[in-house]
Amino acid sequence: FPPASSWDAAYERELQTFQDIGDAGEIWFGEESMVRIIRWLEKQKVPLDSSVLDIGTGNGVLLIELAKSGYVNLTGIDYSPSAIQLSEKVREKEGMSNIKLKVEDFLAPSAELSGFEICIDKGTFDAISLNPDNAVGKRKEYVRSLCSVLKPEGFFLITSCNWTKEELLNEFREGFEILEELPTPKFCFGGRIGNSVTALVFQRK
């Protein structure tokens, strides 16, 4: 699993590419994962002024899509300064001035990171889980942080490619209940059908 420094290096490369050709780089889990999240929010009639936090925003493309769908209270955090720089460039290019971006370590969030009605995670919990240095402790810290930034009854949408539904239910059992599982593409391997991606919606108790 790549350490923080190599994430930085990857985002620095993407930053350079963006400056050269205006391409924001890779979309984690592809377009369909963003569409799936936005459709769910629309289906739930989540008000457009709800406060949304994108945990590990990377290049910020999910926030851009949310803004294009009419959401106006958007914040993205990432612990890689290069990622935040990249998402700032993408935000400028798209003219989306209402997206707030901050360098933050989600495992030790600053005091002003609180009161969100919706938190979204595409791959950040996965990345934290793979940390060779005390992964179990870091996952517990993640759940604690989530409880501190998300309002009671707020929604948490997680997309994971490392964890099954059962495992995620176990990880988030303290403080959260599952509302629904979102459909994800299935793949077939050796005659067994499996999901390479799990997408769940939790509600904070």
Side-chain angles (χ1 to χ4, degrees), residues 1-12 14 26 28-29 33 37 51-60 62-63 74-87 100-182 184 194-205:
F1 173 68
S5 54
S6 68
W7 283 114
D8 257 345
Y11 282 121
E12 267 158 34
E14 291 200 347
E26 183 173 0
W28 278 60
F29 300 109
S33 66
I37 289 164
S51 51
V52 179
L53 178 65
D54 186 18
I55 301 165
T57 195
N59 55 18
L62 173 62
L63 292 171
L74 302 170
T75 302
I77 57 166
D78 204 291
Y79 79 140
S80 159
S82 311
I84 292 298
Q85 246 182 310
L86 175 61
S87 45
K100 295 188 280 292
L101 296 163
K102 294 177 185 160
V103 177
E104 284 260 9
D105 176 1
F106 189 66
L107 299 185
S110 64
E112 71 245 31
L113 215 63
S114 70
F116 287 93
E117 290 158 283
I118 290 143
C119 288
I120 300 174
D121 180 323
K122 273 164 69 265
T124 299
F125 185 72
D126 284 358
I128 286 168
S129 309
L130 293 172
N131 193 314
D133 178 31
N134 186 16
V136 174
K138 290 211 165 37
R139 294 203 301 273
K140 286 198 166 61
E141 277 169 39
Y142 181 103
V143 177
R144 266 204 301 276
S145 295
L146 188 60
C147 283
S148 77
V149 304
L150 184 62
K151 281 182 169 173
E153 298 192 359
F155 299 123
F156 172 55
L157 289 84
I158 181 168
T159 305
S160 167
C161 61
N162 291 8
W163 299 95
T164 64
K165 177 183 175 180
E166 286 64 36
E167 288 167 332
L168 288 170
L169 289 179
N170 185 43
E171 291 290 328
F172 291 95
R173 68 186 181 278
E174 297 203 3
F176 296 88
E177 55 196 351
I178 182 151
L179 279 187
E180 70 185 284
E181 180 172 15
L182 304 182
T184 58
N195 279 34
S196 52
V197 176
T198 303
L200 302 180
V201 181
F202 286 96
Q203 187 165 27
R204 200 184 143 202
K205 290 177 187 166

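All of these numbers come straight from a predicted model, not from anything done at the bench.
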Could you work out, with side-chain contact (heavy atoms from CB on, under 4.5 Å) as the rule, every residue matching [X], not counting sequence neighbours?
X      : result
Leu179 : Trp40, Phe155, Val201, Gln203
Ser114 : none
Asn162 : Asp126, Leu130, Ser160
Ala199 : Arg36, Thr159, Leu182, Thr184

Which heavy atom of [X] sits nearest to which heavy atom of [Y], and what is that distance?
X      : Y      : value
Ile178 : Lys165 : CD1-CE, 4.2 Å
Ser145 : Ala108 : OG-N, 4.4 Å
Lys205 : Arg173 : NZ-O, 3.6 Å
Pro109 : Leu107 : CD-C, 3.6 Å

- [ ] Could you pull out all residues at least two apart from Phe116 that satisfy ring pair (Phe, Tyr, Trp, His ring centres under 6.0 Å)?
- [x] none
Beyond-backbone contact of [X] with [Y], side-chain heavy atoms, under 4.5 angstrom:
X      : Y      : answer
Phe176 : Leu150 : yes
Leu146 : Phe202 : no
Phe106 : Tyr142 : yes
Pro81  : Ile84  : no
Glu167 : Thr198 : no

Task: salt bridge (charged side-chain N to carboxylate O under 4.0 Å, His left out) contacts touching residues 129-154 (sequence neighbours left out) - done: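 Non-adjacent pairs meeting salt bridge (charged side-chain N to carboxylate O under 4.0 Å, His left out): Asp133-Lys138, Arg139-Glu171.
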- [ ] Hey, could you give me each pair passing salt bridge (charged side-chain N to carboxylate O under 4.0 Å, His left out) that has a residue in residues 100-112? Not counting sequence neighbours.
- [x] none
Not counting sequence neighbours, which residues clear side chain to side chain donor-acceptor pair (under 3.5 Å) with [X]? List them please.
X      : value
Thr75  : none
Ser148 : none
Asp54  : Thr57
Ser51  : Glu117

Task: Audit row: Val149, Cys119, side chain to side chain contact (heavy atoms under 4.5 Å, CB included) steps and yes/no - done: CA-CA 8 Å; Val149 304; Cys119 288; 3.8 Å; yes
Task: Residues that Glu180 engages under salt bridge (charged side-chain N to carboxylate O under 4.0 Å, His left out), provided they are two or more places apart - done: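 Glu180 satisfies salt bridge (charged side-chain N to carboxylate O under 4.0 Å, His left out) with Lys43 once adjacent residues are dropped.
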[X] [atom1] to [Y] [atom2] distance, which is reported to the nearest 0.5 Å:
X      : Y      : atom1 : atom2 : value
Leu53  : Leu74  : CG    : CG    : 10.0 Å
Asn59  : Leu86  : CG    : CG    : 5.5 Å
Asn134 : Ile128 : CG    : CD1   : 12.0 Å

- [ ] Using a cut-off of 6.0 Å, state whether more than 12 heavy atoms not belonging to Glu177 lie near its atom CD.
- [x] yes
Task: Polar side-chain atom of Arg204 near backbone of Phe156 as donor-acceptor pair, under 3.5 Å - done: no
TODO: Answer yes or no: is there a donor N or O on one side and an acceptor on the other, between the side chain of Asn170 and the main chain of Phe172, under 3.5 Å?
DONE: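 Not at all, since once roles are kept as given, no pair shorter than 3.5 Å links the two residues.
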